[in-house]
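Positions are given from 1 along the sequence.
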Amino acid sequence: MTSPTQSLKPVRVRFAPSPTGRLHLGGARTALYNYLLARQTGGQFILRLEDTDRKRYQPETEKEIVDGLHWLGIDWDEGFDRGGPFGPYRQSERKDIYLEYAHQLIDSGHAYFCFCSPERLQTLRQAQLEKKQQIHYDGTCRDIPLEKSRARAAAGERHVIRFKMPREGSIKVKDALREEIIIDNRTLDDSILVKSDGLALYHLAVVVDDHLMKITHVFRGSEWLSTFPLHGHIYQAFGWEQPVWVHPSVFLKPSGKGKMSKRDTAQLMKDGQSIFITDMADLGYLPEAVVNWIALMGWSYDDQMEFFTMNDLIEKFSIEKLNPSPAAISFSKLDHFNGLHIRNLALDDLTKRLKPFFQKAGYTVDDERLQEITPLLQIRLKTLDEAPEKAGFFFKEEVKPRPDELIGEKMTAVESAMAAQRVFEVLKELLDISPQTIEEPLRNLADELHLQTGQLFGILRVAVTGQKVSTPLFESMAIIGRTNVLKRLQQAVQILETL
C-alpha cells in the first residue's frame with residue numbers, strides 16, 4: 001500500500017529547537033516526523049537552532065540535542081553543527097539578516113518603530129488587567145510619521161520594531177490537520193518583531209529562516225496555533241508562499257489530565273520515568289522502542305499494526321493519518337514496545353546492549369557467560385536495566401541468600417535443610433546438570449519427599465541464585481555450572497541448619 005505522502009516531491013523540512021532546555025518527547029516527535037517525511041520523499045532534513053533567547057540559553061543543551069537525536073537514529077543533511085548551503089543555521093548568527101527584513105516591513109508599511117518604555121508598557125498592562133481588557137499594545141507609536149521615527153531610531157533612542165497588524169478584516173490560515181482557521185484582525189496584537197537589543201524574536205526569525213531555507217513543510221506543536229495567524233500575516237506582508245503547516249497533538253500527562261510539562265518531570269523521575277530523551281537510555285529503553293512509541297502518539301497506520309522499525313515508519317508515514325487530538329503519555333505502552341523490540345534484536349546485538357547495565361551495577365562481566373544468559377533474559381525483559389536484578393547472580397563468586405527465603409513454603413527450617421541436602425545428593429551423582437538431565441530426577445525427588453515441585457524448586461532457586469525470582473531455574477543452573485551449584489547448595493544447608 002502506498003502512502004499518500006509518497007506522491008510528494010522531495011520536501012525540505014527542519015527541526016528548530018531552542019537550546020534553553022533538554023530534548024523532550026515533544027521535540028523528539030517533531031524531529032521524527034520531519035525526518036520520516038524527508039527520507040520518504042528523498043528530501044532534506046535541516047537542524048536549526050533558535051537561540052535568540054540569550055537569557056535562557058544553555059550551551060550544554062546543544063550537545064544534548066545532537067546526542068539525543070543521534071541516539072534515536074535521526075540524522076540530518078544540513079545544520080548548525082555541519083553547515084550547508086543556506087547557513088548560518090543559528091539564529092544568533094543571523095541578526096543582520098533579520099534586521100534587513102524587518103526594515104523591509106517598515107518600508108512597506110507593515111511594521112513600525114516603537115519607542116514606549118518598559119515602564120509605560122507595564123502601566124498599560126496593569127490598567128488593562130484591572131479593567132479586565134484583552135492585553136494588547138495600544139498603538140501609541142503606530143502612526144508616528146516614518147521619517148520622524150527613523151530619525152529618532154538613528155539618534156539612538158531605545159526602540160523595538162512591531163508588526164503593524166491590520167485593524168480591519170480577518171486572516172485565514174490553514175493547518176493540514178484542521179479546518180481553516182479564520183481570525184478577526186482586531187483581536188490580534190501589534191507583536192514585537194525585533195527587541196531593543198536588535199535581536200529578532202521568534203515570529204520574524206522563523207518566517208524569514210523558513211523562507212530563505214526553502215522549507216516546504218513545517219511541523220510544530222499545537223501550542224503554536226495561537227501565533228499561527230501572526231505568522232500568516234507576516235508571510236502575506238512579504239508576499240511569500242507559505243509552507244504546509246502541520247501542528248500535531250499536544251502531549252497530556254499520563255493521567256490524561258492536563259498538558260505534559262517539564263515541571264512534571266521531578267515526580268516522573270521518582271517513579272523511574274522521564275520525558276527527556278537522554279534519560280531513556282539510562283532507564284533501559286531501546287531507541288527503536290522510543291521511536292515506535294512516540295510515532296504512535298499522534299499517528300497511526302491502521303487499527304492493527306503497532307510494531308514499527310524506523311524503515312517501516314519511513315515507508316508508511318503520512319501527514320494524512322496524523323491525529324490532532326491530545327495524546328496521553330503512557331509509559332506502560334513504552335514498556336510494551338520496549339519488550340517487543342528487545343525480543344526483535346539479534347542475540348549478539350542484545351548482548352552488547354546489556355553489558356553496560358551489568359557493569360554499571362558493579363559486575364565484572366564475562367562476555368562468554370553473558371552470551372549464554374542473553375537468551376534467558378530476552379523473552380523476560382521489559383527494560384534493559386532490569387537485567388542485573390534478574391541475572392546478576394551469574395557474575396557472583398558466591399551468593400548470600402536470606403535465611404528466611406531458603407525455607408520452603410509451608411515447611412520448617414529442618415525440613416528445608418533436609419530437602420536441600422537431598423537435592424545436593426541427587427545432583428552430586430550426576431556428571432551433567434543440563435536441564436534435560438536434572439529435571440526428571442528432581443521431580444522424582446519431590447514426589448519421594450511428598451513435596452510440591454514449587455516447594456522443592458523454590459528452595460533450590462534461592463540456594464543457587466540467592467533470590468526468589470530469577471531466570472529459568474534449570475537453564476540457570478547449567479550456566480552456573482555443576483561445581484558452583486553444589487557449593488551453593490552446601491552453603492544453603494549450613495544456613496538452614498543454624499536456624
Side-chain angles (χ1 to χ4, degrees), residues 11-39 43-84 86-94 199-202 205-206 209-210 213 215 217-224 246-248 250-251 260-265 268-269 273-283 285-295 297-298 310 313-314 329 334:
V11 301
R12 282 184 60 83
V13 291
R14 48 74 170 176
F15 177 50
S18 175
T20 56
R22 303 178 64 191
L23 179 64
H24 55 76
L25 295 177
R29 186 187 63 174
T30 299
L32 175 64
Y33 288 167
N34 277 296
Y35 174 78
L36 296 177
L37 192 60
R39 295 296 172 259
Q44 293 83 44
F45 175 43
I46 295 101
L47 179 61
R48 199 171 71 207
L49 275 188
E50 295 180 347
D51 62 343
T52 54
D53 188 347
R54 304 311 289 180
K55 290 182 179 179
R56 297 172 58 223
Y57 173 64
Q58 300 175 29
E60 67 276 7
T61 60
E62 292 186 13
K63 183 177 185 302
E64 178 161 346
I65 290 167
V66 169
D67 291 347
L69 293 178
H70 279 156
W71 182 76
L72 290 170
I74 295 174
D75 199 11
W76 45 98
D77 306 290
E78 306 165 25
F80 74 92
D81 62 331
R82 64 189 59 180
F86 296 91
Y89 294 88
R90 293 176 183 270
Q91 285 186 342
S92 59
E93 297 174 3
R94 297 171 64 84
L199 289 176
L201 286 174
Y202 171 81
V206 71
D209 287 347
D210 285 346
M213 296 180 187
I215 300 302
H217 293 69
V218 170
F219 289 83
R220 59 184 188 177
S222 296
E223 60 269 24
W224 290 107
V246 188
H247 295 83
V250 297
F251 285 164
M260 188 71 205
S261 70
K262 295 178 184 178
R263 291 185 296 274
D264 300 306
T265 58
L268 287 177
M269 287 302 291
Q273 300 164 338
S274 178
I275 65 168
F276 297 117
I277 296 303
T278 52
D279 289 340
M280 294 291 178
D282 291 337
L283 293 171
Y285 292 107
L286 303 182
E288 296 94 331
V290 176
V291 164
N292 194 158
W293 180 51
I294 61 176
M297 283 196 282
M310 184 70 87
L313 291 169
I314 290 171
I329 295 174
L334 174 57

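- Between Thr278 atom OG1 and Leu283 atom CG the span is 10.0 Å, to the nearest 0.5 Å.
- Annotation for Arg94 and Phe86: closest pair NH1-O, 3.6 Å, computed over non-hydrogen atoms.
- The only member of Ile277, Ile65, Asp279 that meets side-chain contact (heavy atoms from CB on, under 4.5 Å) when paired with Arg22 is Asp279.
- Between Val290 and Trp71, some side-chain heavy-atom pair lies under the 4.5 Å cut-off.
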Taking it one step at a time, do His24 and Phe251 satisfy side chain to side chain contact (heavy atoms under 4.5 Å, CB included)? CA-CA 11 Å; His24 55 76; Phe251 285 164; over 6 Å; no
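- Of all non-hydrogen atoms in Arg48 and Pro17, the two that sit nearest each other are O-CD, 3.1 Å.
- Shortest non-hydrogen contact noted between Pro19 and Leu49 is CD-CD2, 4.1 Å.
- Contact of the Ile294 side chain with the Tyr33 side chain is not registered, since no non-hydrogen atoms from C-beta on lie closer than 4.5 Å.
- Only one option out of Asn34, Asp77, Leu313 pairs with Arg39 in a side-chain contact (heavy atoms from CB on, under 4.5 Å); it is Asp77.
- Across Pro88 and Glu93, no two heavy atoms sit closer than the pair CB-OE1, 3.3 Å.
- In this structure, CG on Asp51 lies 12.5 Å from CZ on Arg56, to the nearest 0.5 angstrom.
- Residues Trp76 and Asp81 have side chains that bring a donor and an acceptor to within less than 3.5 angstrom of each other.
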Test side chain to side chain contact (heavy atoms under 4.5 Å, CB included) on Phe219 and Leu37 and set out the steps. CA-CA 10 Å; Phe219 289 83; Leu37 192 60; 3.7 Å; yes
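- Taking CG from Leu23 and CE from Met280, the interatomic distance works out to 10.0 Å, rounded to the nearest 0.5 Å.
- Glu78 contributes no side-chain N or O that, together with a main-chain N or O of Gly83, makes up a donor-acceptor pair within less than 3.5 Å.
- In this structure, CD1 on Ile46 lies 4.0 Å from CZ on Arg12, to the nearest 0.5 angstrom.
- Just one of Leu47, Val218, Thr30 meets the side-chain contact (heavy atoms from CB on, under 4.5 Å) condition when paired with Arg14; it is Val218.
- Contact of the Met310 side chain with the Ile314 side chain is registered, since non-hydrogen atoms from C-beta on lie closer than 4.5 Å.
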Starting from the C-alpha separation in whole Å, work towards a yes-or-no answer on side chain to side chain contact (heavy atoms under 4.5 Å, CB included) for Phe80 and Gln91. CA-CA 10 Å; Phe80 74 92; Gln91 285 186 342; over 6 Å; no
Could you go through the side chain to side chain contact (heavy atoms under 4.5 Å, CB included) check for Ile74 and Leu32 one step at a time? CA-CA 7 Å; Ile74 295 174; Leu32 175 64; 4.1 Å; yes
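- Taking every heavy atom of both residues into account, Val13 and His217 meet most closely at CG1-O, 3.6 Å.
- Contact record, Phe15 with Leu69: CD2-CD1, 4.1 Å, taken as the closest heavy-atom pair.
- With no hydrogens or angles considered, no side-chain donor-acceptor pair links Glu50 and Tyr202 at under 3.5 Å.
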